[in-house]
Amino acid sequence: MAAEPDHSGAIGHGAGILALLGDHERAREWASRASLLEPDNIQLQSNLVCAWAISGDAQAALDVLERIAPKMSPELLVWMENDNDLDSLRPLPRFSQIMLAARAHLRDQASPTAK
């Protein structure tokens with residue numbers, strides 16, 4: 001961080017670590033910063049979803065998850081469906097809706113009749 005203060009990957013991982021350590025406010029700040037640095041980096045954004053979920057900011061986690069869901073690879077989708085970091089989101093109807101829409105999107109892309 002000292003050498004590259006705008007290294008989004010380091011900031012994103014730091015956000016996750018801060019969340020796991022219970023420093024939720026700082027984790028949310030770091031996640032917001034990393035998200036602004038690379039809004040189109042799907043892997044980074046998926047890590048930030050975890051940081052926000054652990055930090056108790058379900059709204060931010062779901063907003064980002066909804067935005068990246070159509071761009072997720074099948075492997076990342078399976079990861080997000082099973083990642084324990086997202087357990088706080090699973091009971092929420094919006095989480096289920098996002099995951100169903102992401103699955104449908106991947107199915108449509110794999111279909112020979114997909115446009």
Side-chain angles (χ1 to χ4, degrees):
M1 290 289 298
E4 294 184 58
D6 290 337
H7 191 289
S8 63
I11 298 168
H13 283 292
I17 292 167
L18 288 166
L20 289 170
L21 291 173
D23 192 346
H24 296 163
E25 184 60 35
R26 206 159 150 221
R28 287 190 293 267
E29 290 170 9
W30 282 42
S32 293
R33 182 174 175 206
S35 185
L36 290 172
L37 289 169
E38 284 198 70
D40 297 324
N41 181 326
I42 301 305
Q43 187 61 50
L44 170 66
Q45 296 296 319
S46 67
N47 288 334
L48 299 178
V49 169
C50 295
W52 275 308
I54 294 167
S55 296
D57 192 342
Q59 182 69 37
L62 292 170
D63 287 349
V64 173
L65 184 61
E66 188 169 48
R67 185 173 53 79
I68 67 168
K71 303 170 191 170
M72 284 195 278
S73 67
E75 296 81 12
L76 182 56
L77 178 59
V78 168
W79 183 269
M80 298 301 276
E81 288 176 329
N82 294 288
D83 192 329
N84 294 342
D85 291 344
L86 303 183
D87 284 350
S88 66
L89 304 179
R90 292 190 206 298
L92 303 175
R94 186 172 171 207
F95 178 82
S96 298
Q97 292 166 353
I98 293 168
M99 291 292 101
L100 285 171
R103 278 243 168 253
H105 180 75
L106 285 173
R107 202 171 31 255
D108 290 348
Q109 284 184 324
S111 171
T113 60
K115 295 176 182 157

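One hydrophobic cluster, built from ILVMFWY side chains closer than 4.5 Å, holds both Val49 and Leu76. Under a hydrophobic clustering in which Ile, Leu, Val, Met, Phe, Trp and Tyr are joined whenever their side-chain heavy atoms come within less than 4.5 Å, directly or via other members, Ile11 and Val64 fall into different clusters. Taken together through direct or relayed side-chain contacts under 4.5 Å among Ile, Leu, Val, Met, Phe, Trp and Tyr, Leu89 and Ile54 form parts of separate hydrophobic clusters. A continuous path of hydrophobic side-chain contacts links Met72 to Leu106 [ILVMFWY only; heavy atoms under 4.5 Å]. Both Trp79 and Trp52 sit in one connected hydrophobic cluster of ILVMFWY residues. Membership requires side-chain heavy atoms under 4.5 Å apart, directly or through other members.
Put simply, the side chain of Asp6 reaches to within 4.5 Å of the side chain of Arg33, judged on heavy atoms. Residues Met99 and Leu86 have side chains not in contact (no heavy-atom distance under 4.5 Å, counting atoms from C-beta outward). Side-chain contact between Arg103 and Glu81: present, with at least one pair of heavy atoms (C-beta onward) separated by less than 4.5 Å.
Here the options are Leu65, Ile68, Leu92, Asp63, the test is side-chain contact (heavy atoms from CB on, under 4.5 Å), and the partner is Ile98; only Leu65 passes. Each of His13, Arg26, Arg28 was scored for a side-chain contact (heavy atoms from CB on, under 4.5 Å) with Leu18, with one residue passing: Arg26.
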- Worked verdict on Trp30 versus Ser35 for side chain to side chain contact (heavy atoms under 4.5 Å, CB included): CA-CA 9 Å; Trp30 282 42; Ser35 185; over 6 Å; no

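The distance from atom CG of Asp87 to atom SG of Cys50, rounded to the nearest 0.5 Å, is 10.0 Å. With rounding to the nearest 0.5 angstrom, the CG atom of Leu21 is 7.5 Å from the CD1 atom of Ile17. To the nearest 0.5 angstrom, Asp57 atom CG is 9.5 Å from Glu25 atom CD.
For the pair Ala31 and Ala15, the tightest heavy-atom approach, listed with the atom from each and the gap, is N-CB, 3.6 Å. Residues Arg90 and Asn84 come closest through the heavy atom pair NH2-N, 4.2 Å. When every heavy atom of Ser8 is checked against every heavy atom of Ala34, the shortest pair comes out as O-CB, 3.8 Å. Scanning all heavy atoms of the two residues, the minimum distance from Ala53 to Ser88 falls at O-OG, 3.4 Å.
Counting only N and O atoms by type, the side chains of Gln45 and Asn41 include no donor and acceptor under 3.5 Å apart.
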